[in-house]
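The model shown is predicted, which means the values in this text are computed figures rather than measured ones.
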Amino acid sequence: MAKNNIPAVKESALKLRWESGKQFFLNVYSELKKVHWPNRQQMLAYTGVVLVAVTLVAIIIWLFDSGLSFLLAKLFEAFA
């Protein structure tokens, strides 16, 4: 008798999972309709800001790395 209940339980679990997934994507769609999407000019400005920031951070990391490499090289020369 327990064997007859197993397919029904799996079927209801599958149906519940399907409905849950369907509801999730419906909620995602409704939230995306509320988003303020930037226009082309704003997007170009935001992209420029990101590129400048990434470039500055890369330069700072490069300078720090070069300075540490120089100091470690001098330190090893002194003790070698």
Co-members of the apolar cluster containing F64 [side chain, <4.5 Å]: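 L68, which link up through side-chain heavy atoms under 4.5 Å apart, make up the rest of the cluster.
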All N/O donor-acceptor pairs, side-chain side in residues 39-62, below 3.5 Å, sequence neighbours left out:
{"residue": "N39", "atom": "OD1", "partner": "Q41", "partner atom": "N", "Å": "3.2"}
{"residue": "N39", "atom": "OD1", "partner": "Q42", "partner atom": "N", "Å": "2.9"}
{"residue": "Q42", "atom": "OE1", "partner": "N39", "partner atom": "N", "Å": "3.0"}
{"residue": "T47", "atom": "OG1", "partner": "M43", "partner atom": "O", "Å": "2.7"}
{"residue": "T55", "atom": "OG1", "partner": "L51", "partner atom": "O", "Å": "2.7"}

Side chain proximity check, W37 to L32, heavy atoms < 4.5 angstrom: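 Result yes, sub-4.5 Å side-chain heavy-atom pair found.
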Identify each donor-acceptor pair in which a side-chain atom of residues 13-24 lies under 3.5 Å from a protein atom, sequence neighbours left out, and give them as a table.
{"residue": "Q23", "atom": "NE2", "partner": "N27", "partner atom": "OD1", "Å": "3.3"}

